[in-house]
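Heavy-atom basis, side chains included; hydrogens, waters and symmetry copies ignored.
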Amino acid sequence: MKQKKLMLGNEAVARGLYEVGCTVVSSYPGTPSTEITEYASKYDEIYCEWAPNEKVACETAIGASIGGARSFCAMKHVGLNVAADPLFTASYTGVNAGMVIGVADDPGMHSSQNEQDSRHYAIAAKVPMIEPADSAECRDFTKFSYELSEQFDTPVILRLCTRISHSQSVVPLQERAVVPLKDYKKDVSKYVMMPAMARGRHVVVEQRTQALKEFAETTALNRVEMGNTEIGIIASGSCYQYAREVMGENASYLKLGLLNPLPEKLIRDFASKVKKLYVIEELDDIIETHCRKIGVEVIGKALFPVIGEFSQRLVAEKLGLTPADTVSFPGSIPNRPPVMCAGCPHRGVFSVLSKLKLMVSGDIGCYTLGASAPLSAIDTTVCMGASISGLHGFNKARGNASAKNSVAVIGDSTFIHSGVTGLINIAYNQGISTVIILDNSITGMTGHQQNPTTGYTIKGDPTAAISLEKLCDAVGIHRVRVVDPYNMKQVEEAVKEEIAVDEPSVIIARRPCALLKYVKHKKPFTIDTDKCRGCKACLKIGCPGISIQNGKAAVDPTLCVGCGLCQDMCRFDAICSQGEEK
Amino acid sequence: MKTFNIMIVGVGGQGTLLASRLLGNVLLEEGYDVKVSEVHGMSQRGGSVVTYVGYGDDVCSPVIELGEADIILAFEELEAARWLPYLRKGGKLIVNSQQIAPMPVITGAAFYPADILTQIRDLGIDMVATDALSLAQEAGSSKATNVVLIGVLSNLMEFDEEVWLKAIDQCVPPKFVEMNRKAFDLGRRTSC
């Protein structure tokens, strides 16, 4: 097979899973990792699923590995926090068939709430971590991870970052290997981690780490490329690519593909061959600290930032090179922050919450954009599920009166991920908080993944759908009502009533995401310019499809889907519907 | 050959990802090493978006930096102004003469600059402005604006028309192929 394909890093990881004979993949979506599992699900040979959260996904992969199948789970960096519990102990049990955890960091926070560095987890959990630098390596390193996992009896972390996951480059395709299911043998000393057995396994983990340290000295994952020896650069992943772009043959490189454990002798040897040695790494100073620990002097974070994403320009500037000339637009350029789409069902809810001036405990999803102007409706956003548990704490701290002017907002997928446990806590511990589930019938922000509430699997096959109403009732919330977020009057009445009562309640604001293909839209609205007074009341809804031009409201027909929210804001009947169906 | 850099910039939802996929497939077909870097997730929700396309013998960095782009293909006027510093000296700017107000302009916190295209031309920038939205509507849908712009871009690259059309066939759902071929053709007939 000589075929070449241009592939996203994530698609190449999926290709690697296919070629290496992985047969079980369980993941929770999270930018920039999502497409790995989406692409993997297109191979009939791989069983794929969306799990309710990363912990479940990781445990499913562990179970599949113990069951004898090469298994995989993918998540974004913060997802590994959720999956950390199984990871640390899977390090002790080791594997039967190979198991790999794909985790994608997001330096620069293109679509994340923090900028944590996943390499700390590999060190802390004492498992090997591998990092590719382009799509071809994504495929190759994914396959190699399984050899490593089986050879050293350990889960392996495949670390990616936004620029590797979401860059396409050329991948020469290879054939799939058929890997038979391994035998399963009961082995309590290896798989039952109660203290007596775990003590024994910890010894094995430390022995494995020693063996991996030796492996790190010679593995082809780490590569020395000698060029000019005035400057030596140690780097991995995208940072290696930036350095190569800037320095080319004018430097020598130690490109690290194995990030944990790091080699000692290899680094010392490389250091002895170059005059000045730089470590170029995004986020924390992990390679640099290792170098210092083994007595190798390097220039690292004294020059390169801990914060944000790097680029070839940043590397060039830090290495003292003159970057390219630029021309700038002379005037000031307004920002273009992301916004909720025209027709987004979340907009009506946030418009009401903003009007009522409530304290809003927010969560992770498209609806986090409700924090932006002009709606400015969200007070807090921490992590998946924290809207509900955080509101409970807020209300317990400030007393029941505070529950009369505060709510939590959370999406359907996030509620299943880790919101329901917070709701159980409210019911169990006699809270009276009000929770709004923004049910748009899909996992939106990551690009429309099915979830346990939608009634479809990742492959689009019909399956059991969780009833949010029954689930809330079952955990002890007996005031549960459903509203249409396009009907702001109905939303407002429901919110006012539920925050007023002395018991916990859930409002489900239900309407599918406007971007879903099956959603029928109305024709774009038009403005009756005779009636429009240019009062700008319609702009308060914060829709990208309506603005003021020449003193009057104007609707952008390429964006408007006729949701009617702006019409509700207008007191002069100036916004006109043009009927059904585009 | 030295890496040739093309940036595609616009507003999330305008279809820049399909445009870059088309371009990437053409470059792969022509035998180049190619890197296409894009950003998914939150910024796709109506924010300013950018895709970097680099090709040559051996492309290292997946991104293009200030002063490095040989061509910028801008799907919107304000985005052309925003990303202008990425154009190299003597580089070419293709602009879709469409204006989409960002939220700070809608809320009145900022103003959409007047005469963006004139101001850019006054800087001595080699620029082509085209009304790709109208051409896309002529082809059948405003959603084909991206493919019209790829058609305009194709004039600056010495590849056979067949290679572009083949890439459209590969990247677009079958029922939209004909419309997109028409959109490409309307763009390609725009003089550069």
Side-chain angles (χ1 to χ4, degrees), chain A residues 4-6 31-32 34-35 110-112 134 162-164 166-170 238 241-242 244-246 248 311-313 316 323-341 366 368-369 372-374 445-447 536 539 542-544 546-548 556-559, chain B residues 3 11-13 20-21 24-25 27-28 33-48 52 59-63 65-68 78-82 84-89 100-114 116 119-120 123-125 133 142:
Chain A
K4 280 185 183 176
K5 211 178 159 208
L6 197 56
T31 312
T34 311
E35 299 82 5
H110 296 279
S111 195
S112 301
D134 60 25
T162 301
R163 288 298 171 199
I164 302 302
H166 286 169
S167 291
Q168 302 173 51
S169 58
V170 183
S238 50
Q241 301 289 9
Y242 301 141
R244 283 285 306 194
E245 179 81 31
V246 172
S311 71
Q312 62 268 31
R313 187 179 179 91
D325 279 350
T326 66
V327 185
S328 289
F329 185 76
S332 78
I333 299 170
N335 287 335
R336 190 186 299 277
V339 291
M340 285 185 275
C341 307
C366 286
T368 316
L369 293 167
S372 307
M445 177 60 88
T446 44
K536 301 184 184 173
L539 303 189
C543 177
I546 190 162
S547 57
I548 295 285
D556 182 337
T558 66
L559 292 177
Chain B
T3 301
V11 179
S20 62
R21 196 148 301 143
N25 273 286
L27 297 168
L28 181 69
D33 187 32
V34 189
K35 277 194 179 154
V36 179
S37 184
E38 51 202 46
V39 170
H40 304 203
M42 186 174 267
S43 57
Q44 278 295 309
R45 301 280 172 261
S48 170
Y52 308 102
V59 185
C60 294
S61 173
V63 300
E65 257 292 358
L66 294 163
E68 292 182 353
L78 183 63
E79 296 312 310
R82 186 187 316 284
L84 187 62
Y86 283 74
L87 197 65
R88 74 165 167 79
K89 228 180 207 170
I100 300 174
M103 198 47 67
V105 169
I106 290 175
T107 61
F111 293 97
Y112 197 101
I116 288 178
Q119 289 194 64
I120 291 176
L123 291 168
I125 304 290
L133 177 59
S142 61

query: Considering all heavy atoms of both residues, which atom of A:P374 and which atom of B:M103 are nearest to each other, and what is their separation?
result: CD-SD, 3.9 Å

Region of B:L133 that comes under 4.5 Å of a non-hydrogen atom in chain A: side chain

task: Give the minimum heavy-atom separation between B:P62 and A:Y242, together with the two atoms involved.
output: CD-CE2, 4.0 Å

Interface moiety of B:L28 toward chain A, non-hydrogen atoms closer than 4.5 Å: side chain

message: If we define contacts as heavy-atom pairs under 4.5 Å, which of A:A316, A:C543, A:A373, A:C341 has the most with chain B?
response: A:C543

- prompt: Can you check whether B:Y52 reaches A:R163 side chain to side chain, under 4.5 Å on heavy atoms?
  reply: yes

- prompt: Mind checking whether B:S61 and A:S238 have side chains closer than 4.5 Å, heavy atoms only?
  reply: no

message: Using a 4.5 angstrom heavy-atom cutoff, name the option from A:P544, A:S332, A:S547, A:G331 with the most pairs to chain B.
response: A:P544

field: Min side-chain heavy-atom separation B:I106-A:I546 under 4.5 Å
entry: no

query: Is it the backbone or the side chain of A:L6 that comes under 4.5 Å from a heavy atom of chain B, or both, or neither?
result: both

Chain B interface, residue from A:G248, A:P337, A:A324 that has the most non-hydrogen pairs under 4.5 Å: A:P337

query: Is any side-chain heavy atom of A:C366 closer than 4.5 Å to a side-chain heavy atom of B:R45?
result: yes

query: Picking from B:L78, B:T107, B:L87, which has the most non-hydrogen pairs under 4.5 angstrom with chain A?
result: B:L78

query: chain A: which of B:A80, B:P113, B:G108, B:S20 shares the most heavy-atom pairs with it under 4.5 Å?
result: B:P113

- prompt: With sequence neighbours left out, what residues match B:L66 under side-chain contact (heavy atoms from CB on, under 4.5 Å)?
  reply: A:R313, A:T326, B:P85, B:Y86

- prompt: Side chain, backbone, both or neither: which part of B:L123 has an atom under 4.5 Å from a heavy atom of chain A?
  reply: side chain

- request: Give the minimum heavy-atom separation between A:R244 and B:C60, together with the two atoms involved.
  value: CB-SG, 3.7 Å

query: Which residue out of B:V59, B:I100, B:I120, B:V105 racks up the most heavy-atom pairs below 4.5 Å with chain A?
result: B:I100

field: Segment of B:K35 engaging chain A (4.5 angstrom heavy-atom cut-off)
entry: both

task: Kindly compute the distance separating CD1 (A:I164) from OG (B:S37), expressed to the nearest 0.5 Å.
output: 8.5 Å

- request: Look only at the side chain of B:R82 and the backbone of A:P334, and say whether a donor-acceptor pair between them is shorter than 3.5 Å.
  value: yes

- line: Looking only at B:V34, B:I125, B:N25, the option with the highest number of non-hydrogen pairs under 4.5 Å against chain A is B:V34

query: Which residue out of B:A110, B:G67, B:A81, B:S142 racks up the most heavy-atom pairs below 4.5 Å with chain A?
result: B:A81

message: Under 4.5 Å from any heavy atom of chain B, what part of A:K5 do you find: side chain, backbone, both or neither?
response: backbone

task: List the steps, then state whether side chain to side chain contact (heavy atoms under 4.5 Å, CB included) holds for A:Q312 with B:V63.
output: CA-CA 8 Å; A:Q312 62 268 31; B:V63 300; 3.3 Å; yes

- request: Taking all non-hydrogen atoms of both residues into account, name the closest pair between B:Q119 and A:P330 and its distance.
  value: OE1-CG, 3.3 Å

field: Interatomic spacing from CG in B:L84 to CD1 in A:I333 - rounded to 0.5 Å
entry: 8.0 Å

